[in-house]
Amino acid sequence: MTMPETQTEMAEPLIQVRDLKMHFPVTDGILVQRTVAHVKAVDGISFDIMPGETLGLVGESGCGKSTTGRCILQLEKPTDGQILFHGDDLGSMGRADLVAMRRKIQVIFQDPFSSLNPRMKIGDIIGEPLAVHGIESNSADRNKRVAELLTVCGLSPKMADRYPHEMSGGQRQRVGIARALSMKPEFIICDEAVSALDVSIQAQVINLLEDLREEFDLTYLFIAHDLSVVRHLCHRVAVMYLGKIVELAPCDELFDNPTHPYTRALLDAVPVPDPTIEAGREHRLVKGEIPSPINPPSGCVFHPRCPIALDKCAGPVPELRELRPGHFVACPEVS
Amino acid sequence: MTRLLEIEDLRVQFFTSEGIVRAVDGITYHVDAGETVAIVGESGSGKSVSALSILRLVPDPPGKIMGGKVKFNGEDLLQIDDIAIRRVRGRDIGMVFQEPMTSLNPVLSIGRQLTETLEQHLSSNKVEAHARAIELLGLVGISEPERRLKQYPHHLSGGMRQRVMIAMSLACNPKLIIADEPTTALDVTIQAQILELMKDLTRHMGVALIIITHNLGVVARYADRVNVMYAGRIVESGVAEDIYHRPRHPYTRGLLRSVPRLDQPRGERLEPIFGQPPDMTQLDDGCAFRPRCPFAVGRCEHERPDLEAVGPGHESACWQRDELDKGVAA
């Protein structure tokens, strides 16, 4: 820890997202396709993730949180902006470099039913990336490594001979995690990784993700809509609404002092599992629905639904400003 | 006083290639006029099937209602003929399903779907039905009802469609609405809007509500009484305060402890329920929760506990129900 190199390394973010934009064209026409509009799924967001940190990305459907994850994975080519991993721009990397880099960045998807190939045995699903990347080309070594990975994820090594349909949802999600771990990644994107699981199983998988983070020094981007799960797992949290980050703060700070009207509305809408508390809670419902990202409102994207909106909120787009150390909010009206 | 709905020893089985699944295995509960009763459980616990059986909507085959009684205003809905049950569906008992995209007809306008119910059940003429449809859309908070009536389900957002479903369920002034995961597919700010709407409307109109959900927060906010289901049976039943503050079944306790909560300090670690849910084709004579239960004793192996009172209006199906009380108090 006293070595100066280590310290500089510590100070450098693992992931840097700079002004990321992802606009999907909307086309019309039968023979000649022409672009009639753009869905602004992600519209200029920036954040860093430090090594060992878990950053939560929350928001409702269509806010762009999953698209952000897909851009980092290079599954989408961003319209604009940069994604730096260890300071290297992933967008300008050659194919060979990118393949090597992909090993370091892994993903766990939401739906353990559609993200595992139903015709492959569990052992092959986990072993395939090891063979593809030439990590364990010998099949005996590969099987040994698969057994190891299954054990780490709380499954019996015997499961390697099973097919996905023979497993429960929780077990499949563990397989997805084992597959992500097989590449010894530094960074894992968890895209709604526990959302499809029943509560009793969800807690098991959350604990597993926490244990693995400790054991393998992992860095997570945890994309989810469930605020209580995000609060439990994350160090810092970014709240997204219609393609923009509206608030970004350390976890406890965000949940103790939610500042942006949207964050407050979101927290207010989550029912707490305690009838006594619920009976005494006043619910201020946010009115209206989420506007279309094809034609987002001018100015602050939240202003049509915002309880404290002023006329000027339809004007210039509010920038993120630092309210307290590390606590950023994109609303000029709050303090 | 007759109860609005009394379910006695209802049994539903599914005959599948893997064997017989006792999806609902002898459940008994009641709903009084105007109250909100929640049925909580995880996937495969039989909560949806138990609700669908009230209106005999379980697909047959593979499903079959094997026995029991579903008394609605004293009349057993399992005994009446097909024409009579059709009159109950949508008129006396409304339903709201989870996925409003698949439960609305995509090729009929919103207006037609609303007026059809009214014409069928209340023999309204076209003009009356149209006027009532506009009134109903207003009631569920849809703006410009005239214009919306001409639109089709795909024109509407998920929250809007669920409002239409609620309007349909309310169309004939029902006594009871069964809502099967009504907000699971919706975002949290929209979920809050829809649940508030359902609560207001049911309170105002004195409609009883059965709400089926896996979300413990939703139950805490809206239910008067709660039935917790596991592997096709009700394992605990009581008023919401008892269930949440004095749970007397290890499964209920496990569920409550395994969710991270916004109202409490950030915990070190979650306490999950150990193991996996049971294979419903392989259930034996013992308690189905036994393999996952930290309190299990020898008796749980071969004798299945029935619901027994542990307090006023509070029942638990567990041999260790009294031990559990001490455990909680300590």
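The basis for the numbers below is simple: all heavy atoms, side chains too, and nothing from hydrogens, waters or symmetry mates. So that the names make sense, note that chain A is the first sequence line, chain B the second, and so on, each numbered from 1. Just so it is clear, the model here is predicted, and its values are computed rather than measured.
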**Request:** Determine which residues belonging to residues 237-246 of chain A lie within contact range of chain B, meaning some heavy atom pair is under 4.5 Å apart, and list them by number or answer 'none'.
**Result:**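 Within residues 237-246 of chain A, near chain B: nothing under 4.5 Å.
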
**Interface residues of residues 249-263 of chain A facing chain B - non-hydrogen atoms under 4.5 Å apart** =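 Residues in range: Cys251(A), Asp252(A), Phe255(A).
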
Does any heavy atom of chain A fall under 4.5 Å from the side chain of [X], the backbone, both, or neither of them?
X: Leu262(B); value: both
X: Phe274(B); value: backbone
X: Glu42(B); value: both
X: Gln264(B); value: backbone

Under a 4.5 Å heavy-atom cutoff, which of [options] has the most pairs with chain A?
options: Val188(B), Thr189(B), Leu216(B); value: Thr189(B)
options: Ser143(B), Ser258(B), Pro277(B); value: Ser258(B)
options: Pro260(B), Ala192(B), Gly275(B); value: Pro260(B)

**Message:** Can you confirm whether Lys158(A) is buried at NZ, in the sense that more than 12 heavy atoms of other residues, nucleotides or ligands lie under 6.0 Å from that atom?
**Reply:**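 Incorrect, the count does not exceed 12.
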
Can you tell me how far [atom2] of [Y] sits from [atom1] of [X], rounded to the nearest 0.5 angstrom?
X: Ile290(A); Y: Asp187(B); atom1: CD1; atom2: CG; value: 4.5 Å
X: His232(A); Y: Arg266(B); atom1: NE2; atom2: CZ; value: 8.5 Å
X: Leu270(B); Y: Ser200(A); atom1: CG; atom2: OG; value: 12.0 Å
X: Arg281(A); Y: Arg221(B); atom1: CZ; atom2: CZ; value: 5.0 Å
X: Glu241(B); Y: Thr276(A); atom1: CD; atom2: OG1; value: 5.0 Å
X: Ser228(A); Y: Arg261(B); atom1: OG; atom2: CZ; value: 10.0 Å

**Request:** Compare every heavy atom of Ser168(A) with every heavy atom of Gln276(B), then report the nearest pair and how far apart it is.
**Result:**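 In this case the closest contact between Gln276(B) and Ser168(A) is OE1-OG, 2.7 Å.
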
If you define the side chain from C-beta out and look only at heavy atoms, does anything of [X] sit under 4.5 Å from [Y]?
X: Asn215(B); Y: Pro273(A); value: no
X: Val199(A); Y: His214(B); value: no
X: Pro271(A); Y: Gln191(B); value: yes

Taking every heavy-atom pair that is under 4.5 Å apart, which of [options] has the most such pairs with chain B?
options: Pro275(A), Ala269(A), Gly59(A); value: Pro275(A)
options: Asn207(A), Leu267(A), Val286(A), Leu266(A); value: Asn207(A)
options: Gln171(A), Arg231(A), Gln204(A); value: Arg231(A)

**Request:** Using a strict 4.0 Å threshold on nitrogen-to-oxygen distance, state whether Arg269(B) and Asp211(A) make a salt bridge.
**Result:**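 Looking at Arg269(B) and Asp211(A), the cut-off is met.
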
**Item:** Glu289(A), part contacting chain B, at a heavy-atom distance under 4.5 Å
**Value:**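 Contact with chain B: backbone and side chain both.
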
**Request:** With a 4.5 angstrom heavy-atom cut-off, could you sort out which part of Ile277(A) is near chain B: side chain, backbone, both or neither?
**Result:**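 Only the side chain of Ile277(A) comes within 4.5 Å of chain B.
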
